Amino acid sequence: MGLEGGMKCVKLLLFFFNFIFWLCGLGLIVVGIMVQVAMHKTLTIKDASASGAPIVVIGIGVVIFFIAFFGCCGAWKENYCMVTTFAILLSLIIIVEIAAAIAGYVFREKVSVCVTVFPFGLFLFQLSCCGVNGTSDWRNFYPDGKSVPDSCCVNVTLNCGVGALSTPAKLHKEGCHDSMEAFLKKNIQWVIIAALVIAFLQIMGIVFACLLMRGIRSGYEVM
């Protein structure tokens with residue numbers, strides 16, 4: 001059985017959409033692993049709180065990876081079950097995102113609290129800061145009580161954070177709580193735009209999947 005006419009275009013669009021989706025998932029997995037290794041020099045989880053951010057990134061990447069797998073393979077092989085599975089999983093993701101958006105709006109005044117409790121290790125690589133409230137947050141984290149992640153250094157080099165609490169001038173003094181809160185408030189409009197773009201792409205993915213499912217089913221009925 002083969003699709004004809006417009007259904008071939010839908011098939012190619014769905015495959016392309018999921019291929020990009022698949023690459024994004026793979027990219028998130030790689031980034032999460034790189035951050036975990038950079039923070040702990042190993043993939044082993046030594047501290048759940050410090051490893052939280054990269055683990056979340058890896059988890060999201062894995063979910064995206066497998067959803068895109070069903071979409072890609074289903075579209076390429078014109079497999080009704082796989083395309084249906086893809087559409088259902090993507091629909092569930094959208095429902096979760098809507099719930100998260102509603103919760104975010106309801107608790108929007110608690111951004112400060114969320115920044116405090118959210119695992120901050122990942123953001124050390126993006127912001128010029130150190131710890132949640134400052135360098136002292138790392139004092140009891142490393143065995144020697146004097147080391148911090150390399151990302152806390154003003155001039156980042158390999159192992160620059162080892163024993164660096166003895167030379168505070170070499171470290172970022174501002175904590176990531178204030179930096180992250182300011183960053184979120186300053187860039188909230190871009191976060192909203194990104195969310196809308198992602199939501200649009202996801203909805204289009206579901207539309208293409210439904211159209212392809214209809215085309216595949218019609219092909220079976222003809223046969």
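The shown structure was predicted, so the numbers you read here are calculated from the model rather than taken from an experiment.
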Practice item. Can you sort out the partners of I93 under side chain to side chain contact (heavy atoms under 4.5 Å, CB included), two or more places apart, ordered by chain and number? Key: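 I93 satisfies side chain to side chain contact (heavy atoms under 4.5 Å, CB included) with V63, I67, E97, Q202 only.
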
Exercise for review: Check step by step if side-chain contact (heavy atoms from CB on, under 4.5 Å) holds for M82 and C73.
Suggested key: CA-CA 7 Å; M82 294 187 76; C73 291; 3.4 Å; yes

Between [atom1] of [X] and [atom2] of [Y], what distance do you get to the nearest 0.5 Å?
X    : Y    : atom1 : atom2 : value
L23  : I64  : CG    : CD1   : 11.5 Å
F70  : T85  : CZ    : OG1   : 5.5 Å
C9   : L14  : SG    : CG    : 13.0 Å
F86  : L212 : CZ    : CG    : 10.0 Å
I29  : I60  : CD1   : CD1   : 11.0 Å
C153 : L158 : SG    : CG    : 10.5 Å

For the residue pair [X] and [Y], what are the closest heavy atoms and their distance?
X    : Y    : answer
A164 : V148 : CB-CG2, 4.1 Å
C160 : V156 : SG-CA, 4.1 Å
V154 : A169 : CG2-O, 4.3 Å
W138 : C152 : NE1-SG, 3.8 Å
A87  : M213 : CB-SD, 4.3 Å
L165 : R139 : CD1-CA, 4.0 Å

Is there a continuous path of hydrophobic side-chain contacts, each under 4.5 Å between heavy atoms, that joins [X] to [Y]?
X   : Y    : result
I98 : L89  : yes
L13 : W76  : no
L90 : V96  : no
L12 : I206 : no

Are [X] and [Y] close enough that some pair of their side-chain heavy atoms sits under 4.5 Å apart?
X    : Y    : value
N18  : F21  : yes
D150 : T157 : no
K11  : F208 : no

Review point. So, do F65 and W22 have ring centers that fall under 6.0 Å from each other?
Key: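 Yes; W22 has its ring centre under 6.0 Å from that of F65.
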
Check your understanding: For the side chain of N159 and the backbone of V162, is there at least one donor-acceptor N/O pair under 3.5 Å apart?
Key -> no

Point to revise | Within 6.0 Å of CZ in F15, more than 12 heavy atoms from elsewhere | key: yes

